Amino acid sequence: MKVLITGGAGYIGSTICSALLDHGHTPVILDSLVTGQEVFTRGRIFYQGDIADQGLVKKIFTDHPDIFATIHCAALIVVPESVTKPYEYYHENVVKSMDFFYQLATLGYPRLVFSSSAAIYDVVPGFMVTEGSPLNPNSPYSRTKYMMEMVLKDFCHAYDLQGIALRYFNPIGADPQMRTGLHIKDPSHILGRLVAVARGEAPEFHITGTDWPTRDGTGIRDYIHVWDLALAHIQAVEQFVAVIAADASPERPYSVINLGTGQGITVREMVSAFETVLGHEISKNEKPARPGDVAGAYANADKALDLLGWTAEKPIETGIADALRWGEVRDQVLGW
Ligand SMILES: NC(=O)c1ccc[n+]([C@@H]2O[C@H](COP(=O)([O-])OP(=O)(O)OC[C@H]3O[C@@H](n4cnc5c(N)ncnc54)[C@H](O)[C@@H]3O)[C@@H](O)[C@H]2O)c1
């Protein structure tokens, strides 16, 4: 199967491309490289450009009329930056995606898988969320994801589009073959910061927020290995027609699926697992919660099992070990 993948030079998109290739499929990458890495596209079909470049998008489908589905990963994704630059985030993630979706419908390429986020959920008692749980996106970034789900749902009703929105929880790790991984110099998320401390690139790890109503007071998340996440996309594409038939109404061919492990892990538990994998303790300190932080959520992953026949398989220790291995090869792979 040939699959167009926007953002295929990014962390998750490039991993999905590797998984597609490993399963005998052909990814066609469209990426502007605004944050993505050219090196992640080497040896792969790659068009450098913006999703808003309608001439280029048309050319891609003229060159590859046999594209079966599109996976739309392209986006700006840094939450604090979205607070200071909401125009850029709404423009890149909403305005451009909306025109891109409309162009897919117009060109007659209706099957679309959308990278959504668990960041759109409200905090619920017990912290486990199903696809029907209340939504309450709390940053401009997460609101762009929420808005694009709404746009896609309405477009699927009105136009010739069929959409599957995949709500990712917290991806960790790297491609097990170390072809690609996280490419941000100064990552703000937990595992990136732990790896930085372990590698001596940061002095100590800050446990931010210790009085949340969780079992040990620290925030709770659902850490999913990025390879497991990528494999879910293989299922979503291969079983696209069946998923839509099983889960969506003919009037609105649109489906939403959580991609998580189904297991909530607290920050303290993550730090402890990290130290176990590393083989020694790291320097750490407790700090107050940062503005905008939330207690967190973890996935009810039943729907992914039912519809995609997919379940996350890699334990958190594997994600940690792969993140550490990637930390060792990253500079060489990226030419930093
Ligand atoms: N990383 C996470 O924790 C996480 C969690 C939930 C959802 N997601 C979603 O997954 C997707 C991929 O995230 P990622 O972590 O791989 O981010 P990333 O920054 O590594 O990748 C995004 C890619 O999109 C490209 N891009 C951005 N705007 C573009 C445009 N207008 N035209 C063409 N290319 C463009 C960038 O160059 C980059 O290669 C995003 O949609 C993100 O919202 C990520």
Side-chain angles (χ1 to χ4, degrees), residues 4-18 27-41 44 46-54 56-57 60 70-79 81-82 85 88-101 103 112-121 137 139-149 152 165-175 180-185 187-192 221-227 229-230 232-233 257-260 296-297 299 319 323 326 330 334:
L4 174 61
I5 169 149
T6 73
Y11 170 49
I12 296 170
S14 64
T15 317
I16 296 170
C17 288
S18 299
V28 175
I29 299 169
L30 169 61
D31 197 301
S32 64
L33 300 184
V34 59
T35 57
Q37 302 292 320
E38 196 265 339
V39 68
F40 290 170
T41 69
R44 299 175 176 184
F46 173 45
Y47 292 81
Q48 182 174 350
D50 202 291
I51 55 163
D53 182 343
Q54 299 205 341
L56 179 61
V57 172
I60 293 172
T70 300
I71 300 176
H72 181 47
C73 291
L76 299 180
I77 69 153
V78 184
V79 173
E81 186 183 61
S82 78
K85 295 182 173 174
E88 283 81 353
Y89 273 70
Y90 286 116
H91 192 253
E92 292 299 316
N93 293 1
V94 176
V95 175
K96 287 185 177 180
S97 293
M98 197 162 72
D99 284 343
F100 178 64
F101 290 1
Q103 191 182 7
L112 178 59
V113 176
F114 173 58
S115 299
S116 189
S117 172
I120 68 176
Y121 282 115
S139 71
Y141 163 73
S142 54
R143 280 189 277 277
T144 69
K145 293 284 146 184
Y146 170 79
M147 288 165 86
M148 285 322 297
E149 281 201 8
L152 184 54
L166 299 177
R167 290 183 183 154
Y168 307 166
F169 280 71
N170 301 81
I172 60 168
D175 167 34
T180 61
L182 204 57
H183 55 86
I184 298 162
K185 280 218 158 122
S188 61
H189 68 284
I190 178 169
L191 188 52
R221 300 286 183 276
D222 185 335
Y223 299 101
I224 175 169
H225 197 294
V226 69
W227 188 252
L229 193 71
H233 290 74
I257 304 174
N258 281 345
L259 293 184
W326 174 251
R330 181 196 64 184
L334 294 174

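Order of appearance sets the numbers: ligands from 1, and atoms from 1 within every ligand. Model, not experiment: these values are computed from the prediction.
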* Among T6, L56, T41, whose side-chain contact (heavy atoms from CB on, under 4.5 Å) with Y47 holds? ->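 One option only clears the test, and that one is L56.
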* Write out the protein residues near ligand 1, meaning a non-hydrogen atom under 4.0 Å from one of its atoms, in order of chain and number. =>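 Near ligand 1, by chain and number: G7, A9, G10, Y11, I12, D31, S32, L33, V34, T35, G36, G49, D50, I51, C73, A74, A75, I77, E92, K96, S115, S116, S117, Y141, K145, Y168, F169, P171, H183.
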* side-chain contact (heavy atoms from CB on, under 4.5 Å) involving S139 - partner list, sequence neighbours excluded ->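 S139 satisfies side-chain contact (heavy atoms from CB on, under 4.5 Å) with V79, S82, Y141, S142 only.
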* Could you pull out all residues at least two apart from E38 that satisfy salt bridge (Lys or Arg N to Asp or Glu O under 4.0 Å)? =>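 Listed in chain order: R42.
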* Name all residues meeting the salt bridge (Lys or Arg N to Asp or Glu O under 4.0 Å) criterion together with R221; count only those two or more places apart in sequence or in a different chain, and write none if there are none. =>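 Salt bridge (Lys or Arg N to Asp or Glu O under 4.0 Å) check on R221 returns nothing, list empty.
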* Where do S115 and K145 come nearest, in terms of heavy atoms and distance? ->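 Closest heavy-atom pair between S115 and K145: O-NZ, 2.9 Å.
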* Y223 side, atom OH; H189 side, atom NE2 - distance, nearest 0.5 Å ->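 Here the rounded value is 9.0 Å.
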